[in-house]
Amino acid sequence: MKKLTYAIIAFLTIVCTSLCAQTVGKKPSVVIMPFEAKGGMDQEDCEVVSELFASEYVITGAATVVNRDTLSKIQTEQKFQASDWSNSNKTAKLGEALNAQQLMSGQLRLYNGLIFVTVQVQDIKTLAVLAAVSTRVENTMKLIDGIPKICKDLVSQMVAKTGDASTRK
């Protein structure tokens with residue numbers, strides 16, 4: 001009986017250790033929304049910045065980024081509308097369908113001849129803000145040059161909150 005008990009304990013220890021090893025240091029999956037153009041910001045510039053930002057965030061290695069085509073397909077299947085992003089129940093369902101834990105959104109606003117940039121990382125189930133960066137630049141080219149720093153700043157905030165060194169680059 002003791003041998004069987006010890007065998008069960010050993011088995012459960014191995015299973016628990018294996019499961020913990022799979023979740024510790026595991027990269028979150030993030031949905032990066034196309035950035036919004038506000039205040040007269042050129043929509044095409046905003047789309048270019050969105051694409052470059054998503055690529056740069058992938059390079060940080062901090063998260064697995066959900067492919068935009070996959071996002072569009074799931075949004076269509078679930079009849080998910082732009083206004084649904086403020087509904088935590090709907091975003092949680094979308095996150096589950098995409099196997100995503102985080103949502104990243106950004107906004108570019110033209111004001112007084114400057115471009116104001118805000119980017120937030122949110123928990124996809126609760127919509128709680130996990131990290132945020134705000135900056136301003138003189139023009140689109142300076143913004144494009146500054147994308148790596150914005151991504152690194154977001155990753156640094158996430159690392160500071162989670163203490164997960166596996167996301168450092």
Side-chain angles (χ1 to χ4, degrees), residues 23 25-39 41-111 115-137 140-169:
T23 58
K26 183 178 178 186
K27 295 178 193 178
S29 181
V30 64
V31 174
I32 300 178
M33 297 304 305
F35 289 5
E36 292 182 78
K38 300 282 188 170
M41 185 69 198
D42 184 73
Q43 184 63 42
E44 188 172 342
D45 286 351
C46 200
E47 289 171 14
V48 169
V49 169
S50 294
E51 289 298 322
L52 294 172
F53 179 88
S55 295
E56 189 64 36
Y57 202 76
V58 167
I59 291 169
T60 69
T64 301
V65 176
V66 174
N67 180 286
R68 293 226 179 157
D69 293 334
T70 303
L71 171 63
S72 295
K73 181 180 172 189
I74 299 285
Q75 281 180 300
T76 301
E77 287 174 3
Q78 292 192 358
K79 297 178 181 153
F80 195 90
Q81 299 175 10
S83 61
D84 293 337
W85 287 110
S86 60
N87 182 327
S88 60
N89 289 331
K90 289 188 176 185
T91 58
K93 286 177 82 174
L94 182 67
E96 188 176 305
L98 293 166
N99 195 27
Q101 296 79 41
Q102 297 174 351
L103 168 68
M104 192 174 300
S105 59
Q107 185 181 94
L108 307 182
R109 180 179 294 277
L110 191 59
Y111 180 75
I115 300 171
F116 289 79
V117 182
T118 57
V119 183
Q120 291 186 344
V121 180
Q122 297 171 293
D123 179 284
I124 203 160
K125 290 183 181 176
T126 66
L127 299 179
V129 177
L130 305 173
V133 170
S134 294
T135 190
R136 67 176 184 258
V137 293
T140 307
M141 290 312 294
K142 288 197 178 191
L143 172 55
I144 289 170
D145 291 342
I147 289 173
K149 182 178 179 338
I150 294 170
C151 290
K152 287 176 185 172
D153 289 350
L154 288 168
V155 171
S156 294
Q157 287 181 44
M158 297 300 290
V159 169
K161 285 187 177 188
T162 65
D164 186 356
S166 70
T167 59
R168 288 188 190 142
K169 287 279 174 185

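Quick caveat, the model's predicted, so the values are computed rather than measured.
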Could you walk me through whether Y57 and V30 pass the side chain to side chain contact (heavy atoms under 4.5 Å, CB included) check?
-> CA-CA 10 Å; Y57 202 76; V30 64; 4.2 Å; yes
Is [Y] close to [X] at the side-chain level, that is, under 4.5 Å between some pair of heavy atoms?
X: K152; Y: L154; value: no
X: L130; Y: Q102; value: yes
X: L103; Y: V121; value: no
X: V66; Y: S29; value: yes

Gap separating the [atom1] atom of [X] from the [atom2] atom of [Y], nearest 0.5 angstrom:
X: E51; Y: I32; atom1: CD; atom2: CD1; value: 9.5 Å
X: Q43; Y: D45; atom1: CD; atom2: CG; value: 9.5 Å
X: M104; Y: I124; atom1: CE; atom2: CD1; value: 11.5 Å
X: E36; Y: T118; atom1: CD; atom2: OG1; value: 8.5 Å
X: K26; Y: T64; atom1: NZ; atom2: OG1; value: 8.0 Å
X: F35; Y: L143; atom1: CZ; atom2: CG; value: 8.5 Å

Looking only at heavy atoms, which two atoms of [X] and [Y] are closest? And how far apart?
X: V119; Y: I150; answer: CG2-CG2, 4.2 Å
X: A131; Y: M158; answer: CB-SD, 3.6 Å
X: F53; Y: C151; answer: CE1-SG, 3.5 Å
X: G39; Y: R109; answer: N-NH1, 4.1 Å
X: Q122; Y: L127; answer: NE2-O, 3.2 Å
X: Q120; Y: A132; answer: CG-CB, 4.1 Å

Given the rule in the side chain to side chain contact (heavy atoms under 4.5 Å, CB included) test, do Q101 and D123 qualify, once you have shown the distances and angles that lead to the verdict?
-> CA-CA 6 Å; Q101 296 79 41; D123 179 284; 5.9 Å; no
Using the side chain to side chain contact (heavy atoms under 4.5 Å, CB included) rule, take K149 and D153 through it: C-alpha gap first, then chi angles, then the decisive distance, then the call.
-> CA-CA 6 Å; K149 182 178 179 338; D153 289 350; 2.9 Å; yes
Show your reasoning for whether side chain to side chain contact (heavy atoms under 4.5 Å, CB included) applies to K38 and L108.
-> CA-CA 6 Å; K38 300 282 188 170; L108 307 182; over 6 Å; no
